[in-house]
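I have placed the structure first, in the form of structure tokens, so that the comments after it can refer back to it.
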Amino acid sequence: MSRIENREMLHEISQASKKEIDSTKCRILICAGTGCLAGGSAEIYEKMCELAANTPDVEIHFGPEIAHGDEHKEGIAIKKSGCHGFCEMGPLMRIEPMGILYTKVSVDDCNEIFERTIKKGDVIHHLLYKQDGVEYQKQEEIPFYKKQTRLVLENCGHIDAEHIEEAIAHNGYKALEKALFEMTPQEVIDEILESNLRGRGGGGFPAGRKWAQVARQPEKIRYVVCNGDEGDPGAFMDRSIMEGDPHKMIEGMMIAAYATGAQEGYIYVRAEYPLAIQRLRTAIAQAEEAGLLGDNILGTDFSFKLHINRGAGAFVCGEGSALTASIEGNRGMPRVKPPRTVEQGLFAKPTVLNNVETYANVPMIINRGAQWYKSIGPANSPGTKAFALTGSVKNTGLIEVPMGTSLREVIFDIGGGIKGGAEFKAVQIGGPSGGCLITPHLDVPLDFDSLKKMGAMIGSGGLVVMDSNTCMVEVARFFMNFTQNESCGKCIPCREGTKRMLEILERIVAGNGTLEDLDLLDELAHTITDTALCGLGKSAAQPVMSTLKVFRDEYLAHVVDKKCPSHNCTALRKYVISPERCKGCSKCARNCPVNAISGKIKEPFTIDSSICIKCGACIDNCAFQAIHVEY
């Protein structure tokens, strides 16, 4: 693409790209997000390209350029899109303009899709999504999508994320153009302030206030930084935006830079996100080539350069001062505040630091206005929020709903309810820093302030649904183990306190806990929360405090009765040989790895529970079903 020198050229390219998309006879969008790629979507893409290439009368578009011929003709466009969100049903294939969504597609399905749907327009029913006996042909009709409001994720799954022309065709960089030519930097800040956009990284701090604080600093060298680290287990919202619509986030960063007087920016992405890094590099290179990044953007005095920094996967680097320290080449450890990041952030200069989803909201606000944005969701938390819906729910994946939507709507309407007919038990929201919500909380609105009253937080947006078969003590132990491993070790409360809490939880799930341990857990949790240095430490005990409050009966069962009510804790199981069924064949004893089984041939054998490691080898080798587990 040639360099875009002014806003008129941007309009021309946008119209030309739209025309090319609209005049294409058929667009095949194959999900190339991380989840679907793991399921084989790259091979599906190659197969569809091969089938199209072997059809002489078909014009094929692989990217923004036409594959065959010098003039645009009607044809088939085969695209690698970002994440569609419906990860449970991947690999996914969307066929436009029919709006058909095929689910769980394999390479073996490609011939049938090409011959029946692409050539003849027939629908292949066995590839359509079905729920409660109802078949859904169009993507927008599927309950998973129908109940959502996809704004930030609007283009994910609908455009080719690797070609800037597709982003420009879908209003990409239109908001930047408006900001540069029709608004002053202060007017941009005022619009973001008026919209009440709150940071989607977890804290919910108003983005406009942060920008205003940076803009009024006397230091003129300033930075814009994007937190794409996303370390919460089960969270992949930011990753999907970076993979599926990277230009939206980049445009938001550029608008923030224009508003605050910054000329340089950094995107901090964990190295475990190789596809996101690749798409970002491609997007930045294409934006630089088009003149949308670099010097004198769109012929104005505004210049902005953008860099990518790969993080080593430290959860603590989601904290602002630890993140900027990591970019600087130092060990990612939080520092005492003040001064805050807006005053002395990256390289000790004033820094705007927001996460991916926050920046992705900015272009919409500039294009459509603060009042439009405030019309979505509650006044104190307007807009939408993307959530990664995982766990014991039928439809897992990436969703986006208005702030204030209830858990009931998310889990039972969008998620389709609990898997296997089990009962809902709890949802862990906000990752290791969040808390558990239970049945009485199902109708609580999902917004920053409402959840805070419940002792939980939105966090970055992870939602892990748990059913009646889940042990909540083990859940607390899992998250504490994660947090303890991720502690940077700088402050004693977090370094030592989380270790002690983890040791207590491990004793409890091993059947060695006491009532005094529960009191000590509570005391440690409050001490760490009150005295830790950074947000990681201050929220580290939240899963324990939450489960201890709501599911105290489960803790008591573990320490008093030495039983796990959900039958999950292996150490609390007891393997028993039934004398009536045992034939004394000794096969179980011969296969026991720790020699915990003894007896005489042709007489009932016994298991020494003090030695037994609960591996289950005895059950696997008993031909008479004489061994059972007691809980």
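One finds the CZ atom of F424 at 6.5 Å from the CD1 atom of I418 (value rounded to the nearest 0.5 Å). Put simply, CE on M403 and OG1 on T384 are 8.0 Å apart, with the number rounded to the nearest 0.5 Å. Interatomic distance, C592 SG to I613 CD1, rounded to the nearest 0.5 Å: 7.0 Å. With rounding to the nearest 0.5 Å, the separation of SG in C436 from CE in M472 is 3.5 Å. Once rounded to the nearest 0.5 Å, the distance linking NE2 of H84 with SG of C156 reads 9.5 Å. Atom CG of residue D229 and atom OH of residue Y268 lie 5.5 Å apart, to the nearest 0.5 angstrom.
The shortest distance between side-chain heavy atoms of D245 and M249 does not fall below 4.5 Å. Put simply, the side chain of H441 reaches to within 4.5 Å of the side chain of V444, judged on heavy atoms. In this structure the side chain of I429 reaches within 4.5 angstrom of the side chain of L451, judged on heavy atoms. Using a 4.5 Å cut-off on side-chain heavy atoms (C-beta onward), F551 and T470 make no contact. The side-chain heavy atoms of Y631 and L572, taken from C-beta on, include no pair separated by under 4.5 Å. Contact annotation: the side chain of S321 approaches that of R335 to within less than 4.5 Å [non-hydrogen atoms, C-beta and beyond]. Residues P593 and C615 form a side-chain contact, since some pair of their non-hydrogen atoms from C-beta on lies under 4.5 Å apart. Residues T390 and L463 have side chains not in contact (no heavy-atom distance under 4.5 Å, counting atoms from C-beta outward).
S539 places a side-chain N or O within 3.5 Å of a backbone atom of G535 that can act as its donor or acceptor partner. Using a distance-only test at 3.5 Å, with no hydrogens or angles considered, no donor-acceptor pair links the side chain of S381 to the main chain of P378. Remark: the backbone N or O of F479 is paired with a side-chain donor or acceptor of T483 at under 3.5 angstrom. Side-chain atoms of E554 never come within 3.5 Å of backbone atoms of A557 as a donor-acceptor pair (strictly under, hydrogens ignored). In terms of modelled atom types and a separation under 3.5 Å, the side chain of N485 and the main chain of N481 share a donor-acceptor contact. A donor-acceptor pair under 3.5 Å is absent between the side-chain atoms of K385 and the main chain of V401, judged by distance alone. Here the side chain of S546 pairs no donor or acceptor atom with the backbone of Q542 at under 3.5 angstrom. Using modelled atom types, one side-chain atom of T282 and one backbone atom of Q278 make a donor-acceptor pair closer than 3.5 Å. A donor-acceptor pair is defined here as one N or O able to donate and one able to accept, closer than 3.5 Å; no such pair exists between the side chain of T351 and the backbone of V342. N395 contributes no side-chain N or O that, together with a main-chain N or O of F144, makes up a donor-acceptor pair within less than 3.5 Å.
Aromatic pair F482/F315: centroids less than 6.0 angstrom apart.
In this model, a donor atom of one side chain and an acceptor atom of the other lie less than 3.5 Å apart for Q131 and Y129. Y223 and T324 share no donor-acceptor pair across their side chains, judged by distance under 3.5 Å alone. There is a side-chain donor-acceptor pair under 3.5 Å between S406 and E409.
Considering all non-hydrogen atoms of both residues, V393 and G415 come closest at CG2-O, 3.4 Å. When all heavy atoms are compared, the tightest approach of V362 to G252 is CB-CA, 4.0 Å. Nearest heavy atom pair, residue G320 against residue L353, reads CA-CD2, 3.3 Å. Between P565 and K563, the shortest heavy-atom contact is CD-O, 3.5 Å. Shortest non-hydrogen contact noted between E400 and R150 is OE1-CA, 3.4 Å. Residue I528 comes nearest to G497 through the heavy atom pair CD1-C, 3.4 Å, listed as atom of the first residue, atom of the second, then distance.
Around the CZ atom of R310, the shell of radius 6.0 Å holds no more than 12 heavy atoms that belong to other residues, nucleotides or ligands. The environment of E630 atom CD is dense: over 12 non-hydrogen atoms of other residues, nucleotides or ligands sit within 6.0 angstrom. Other residues, nucleotides and ligands contribute over 12 non-hydrogen atoms within 6.0 Å of the NZ atom of K562. By the 6.0 Å contact criterion, NZ on K147 is open, its count of non-hydrogen atoms from other residues, nucleotides or ligands being 12 or less. The number of heavy atoms from other shown groups lying within 6.0 Å of NZ (K452) does not exceed 12. A 6.0 Å sphere centred on CZ of R331 holds no more than 12 heavy atoms belonging to other residues, nucleotides or ligands. Summarising the local packing, NZ of K587 is surrounded by 12 or fewer heavy atoms from other residues, nucleotides or ligands at distances under 6.0 Å.
Ion pairing of E88 with K104 is absent here, as no side-chain N (NZ or NE/NH1/NH2) approaches a carboxylate O to less than 4.0 Å. Salt bridge absent: K425 and D467 never bring a charged side-chain N and a carboxylate O closer than 4.0 Å. Salt bridge present: E243 and R239 bring a charged side-chain N and a carboxylate O closer than 4.0 Å. The existence of a salt bridge linking D522 and K549 is excluded, since no basic side-chain nitrogen approaches an acidic carboxylate oxygen closer than 4.0 Å. A salt bridge does not link R500 with E523: every distance from a Lys NZ or Arg NE/NH1/NH2 to an Asp or Glu carboxylate oxygen is 4.0 Å or more. A salt bridge links E474 to R477: one of the charged nitrogens lies within less than 4.0 Å of a carboxylate oxygen. Salt-bridge annotation for D517 and R507: present, with a side-chain N of the basic residue lying under 4.0 Å from a carboxylate O of the acidic one.
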For this session: Begin from the C-alpha positions of L37 and L275 and carry the test side chain to side chain contact (heavy atoms under 4.5 Å, CB included) through to its verdict.
Result: CA-CA 10 Å; L37 284 173; L275 183 60; 3.5 Å; yes
For this session: Apply side chain to side chain contact (heavy atoms under 4.5 Å, CB included) to the pair V316 and M333, showing each step before the final yes or no.
Result: CA-CA 7 Å; V316 73; M333 300 176 79; over 6 Å; no
Exercise. Is there a side chain to side chain donor-acceptor pair (under 3.5 Å) between T547 and Y555 once you walk through the steps?
Worked result: CA-CA 9 Å; T547 54; Y555 281 87; 2.8 Å; yes
For this session: Kindly indicate, with the supporting measurements, whether the criterion side chain to side chain contact (heavy atoms under 4.5 Å, CB included) is fulfilled by L518 and R552.
Result: CA-CA 9 Å; L518 300 188; R552 193 174 185 87; 4.1 Å; yes
Exercise. Checking side chain to side chain contact (heavy atoms under 4.5 Å, CB included) for the pair M242/Y273: CA distance, chi angles, key distance, verdict?
Worked result: CA-CA 10 Å; M242 291 186 284; Y273 283 1; 4.0 Å; yes
For this session: Mind running salt bridge (Lys or Arg N to Asp or Glu O under 4.0 Å) on E357 and K248 for me, showing each step along the way?
Result: CA-CA 9 Å; E357 189 180 349; K248 184 176 287 186; over 6 Å; no
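With N355 as the fixed residue, the side chain to side chain contact (heavy atoms under 4.5 Å, CB included) test singles out one of I241, V225, D238: D238.
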